[in-house]
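Because only heavy atoms are used, hydrogens play no part in the values below, and waters and symmetry mates are left out as well, while side chains stay in. Within every chain, numbering begins at 1; the chains are lettered A, B, ... in the order of the sequence lines, protein sequences first and strands thereafter.
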2 protein chains.
Amino acid sequence: MAAKPGGARSKRIQKAGLQPRPGEERRGDPTLSRERIVASAVELLDAHGVNGLTMRGLADAVGSGVMSLYWHVDNKEDVFDLALDSVLEYRGTSEPGEAQDWRGAVVQGLEDWRANMLRHPWSISLLPRRALGPNILYRLERLSQALSSAGVAAADLNIALWTLWNYVMGATITRASFVRSGGERTAEQPATQPTGRYPTIERSGLLRENDWDGTFSRGLDLLLNGLVPPRP
Amino acid sequence: MAAKPGGARSKRIQKAGLQPRPGEERRGDPTLSRERIVASAVELLDAHGVNGLTMRGLADAVGSGVMSLYWHVDNKEDVFDLALDSVLEYRGTSEPGEAQDWRGAVVQGLEDWRANMLRHPWSISLLPRRALGPNILYRLERLSQALSSAGVAAADLNIALWTLWNYVMGATITRASFVRSGGERTAEQPATQPTGRYPTIERSGLLRENDWDGTFSRGLDLLLNGLVPPRP
DNA sequence: CAAAAGACTCGTACAATGTACGATTTAGTG
DNA sequence: CACTAAATCGTACATTGTACGAGTCTTTTG
């Protein structure tokens with residue numbers, strides 16, 4: 001078993017100015033790397049969904065032989081892990097905005113989180129299998145700090161955190177299973193076309209709901225009210 | 001394309017008293033049926049997880065040839081759908097307990113839901129792909145009625161419903177990705193073994209949490225307080 | 001500089017899988 | 001009996017992940 005690149009990954013020095021076309025990034029040369037593999041994997045997943053990602057396809061997209069991938073990556077599962085974590089990276093103002101508007105910070109953080117996942121619907125179906133990559137942890141940390149600064153007691157912090165996290169996860173999954181990538185709905189007909197078997201639901205138009213974003217943030221508001229009761 | 005058994009499925013009449021062994025249910029004879037296939041699929045999923053279910057294995061478990069399955073079932077996806085819905089069936093007192101203790105009804109319903117999924121961890125990883133089989137709808141309907149009887153205004157009903165549902169889904173998925181079937185944890189080491197990169201989280205012991213049930217119901221309490229403010 | 005060690009690439013091969021096809025058997029009806 | 005429909009299932013194939021080991025290029029060492 002040869003040593004594979006671990007924490008410090010190797011990067012070949014490129015012979016400067018010798019690429020076939022300077023503008024053309026993909027195809028062949030630019031040396032294989034874990035980053036490039038993951039980036040391509042994300043593209044493929046975005047384009048063809050979870051089942052559309054094959055090692056062969058990935059190799060093609062990257063411009064390498066199939067087995068070359070395995071030098072940089074343990075196996076396909078590993079690719080999934082890396083792609084998932086990559087997509088969850090937090091890109092935003094680096095510092096949690098200091099005390100001030102904790103509520104805004106929480107809402108913004110959670111909405112960004114949700115938006116990131118919805119941008120890559122496949123990520124949602126990967127979450128249940130493996131969670132808690134470094135990027136998720138970082139987001140939890142930020143959330144944690146915001147709540148803390150909002151005056152949530154240490155004893156309640158965990159509950160508050162889990163409650164929020166659960167809410168986001170659930171909302172994202174729910175919405176994703178309703179609205180498919182193509183834009184068409186997934187919900188079974190018996191649900192959208194009234195059958196009389198689910199009277200209350202049908203009357204409320206639950207399944208005709210389509211203001212997902214609005215519902216999400218209004219629910220979040222309620223939740224936050226429950227967790228951190230507004231000025232008494 | 002021959003007509004396959006759809007809504008009204010056919011059931012061969014069994015030659016009474018001619019089974020090889022009366023006690024031995026599985027193995028061969030007892031005529032193939034969608035129900036039997038689904039039941040076996042659930043067993044296999046429970047035993048070997050999502051990746052452990054193969055059509056060949058399923059055929060063996062049922063005592064038939066592989067291709068015979070395809071008479072009763074469209075494809076493997078279909079098997080997943082059916083297995084998922086089967087596991088989510090509500091088995092309990094048939095009538096929503098009438099006005100009275102709506103809160104108890106809601107809590108009981110949601111906890112039963114969660115328990116069902118945790119009993120079959122694979123179900124959780126299937127949810128994101130396809131939701132809303134008839135059994136899920138039925139559960140939503142019950143929930144809806146309970147909330148309605150609690151005095152939640154029609155306008156707020158959808159939000160309340162989604163918020164609760166989202167919470168349950170998220171909580172279940174979260175817990176499942178922490179506690180693996182084997183009993184060992186999944187969380188990455190950097191999380192459980194302090195690294196100093198996530199100070200707030202580590203201080204709070206978030207990831208060492210193991211009273212999942214308690215956390216779940218306490219969070220649920222908070223949520224319900226937010227949705228239906230207790231007597232003013 | 002030579003040569004050995006390592007880092008990386010990749011063609012071939014194989015076992016496992018889902019399922020199309022069509023032949024075959026069984027049950028039900030006249 | 002013959003005829004039809006329902007149900008079973010063996011064979012065959014394309015697609016997949018990846019083990020193996022040979023090949024190439026880069027770096028280190030003597």
What integer distance in Å separates B/L32:CG from C/dA27:P? 14 Å

In this structure, how many angstroms lie between the C1' atom of D/dT18 and the CG atom of A/L58, rounded? 14 Å

Once you round it to whole Å, what is the distance between C1' of D/dC9 and CG of B/D60? 13 Å

Sub-4.5 Å side-chain heavy-atom contact between A/R203 and A/P199: yes

Ignoring hydrogens and angles, state whether a donor on the side chain of B/T174 or A/W162 is under 3.5 Å from an acceptor on the partner side chain. no

When the distance from CH2 of A/W71 to C1' of D/dT26 is rounded to whole Å, what number comes out? 13 Å

Under 4.0 angstrom between A/S68 side-chain N/O and C/dC10 OP1 or OP2: yes

Test A/R91 against A/E89 for salt bridge (Lys or Arg N to Asp or Glu O under 4.0 Å), laying out the working first. CA-CA 6 Å; A/R91 304 174 169 87; A/E89 189 181 352; 3.4 Å; yes

OP1 or OP2 of C/dA7 versus the side-chain N and O atoms of A/H72: is any pair under 4.0 Å? no

Between CG of A/D78 and P of D/dG17 the distance, given in whole Å, is 14 Å

Would you call A/D46-A/R119 a salt bridge at under 4.0 Å N-O? no

What does B/L69 touch in the nucleic acid at a heavy-atom separation under 4.0 angstrom: a base, only the sugar-phosphate, or nothing? nothing

Atom pairs, protein N/O to nucleotides 19-24 of chain C N/O, distance under 3.5 Å:
residue	atom	partner	partner atom	Å
C/dT19	OP2	B/Y70	OH	2.9
C/dT19	OP2	B/K76	N	3.0

Take B/V87 and B/W122 through the test side-chain contact (heavy atoms from CB on, under 4.5 Å) and record every step on the way to the result. CA-CA 10 Å; B/V87 146; B/W122 48 269; 3.6 Å; yes

Does B/R114 count as lying over the ring of B/F216, i.e. NZ or CZ under 6.0 Å from the six-ring centre, within 45 degrees of the axis? yes

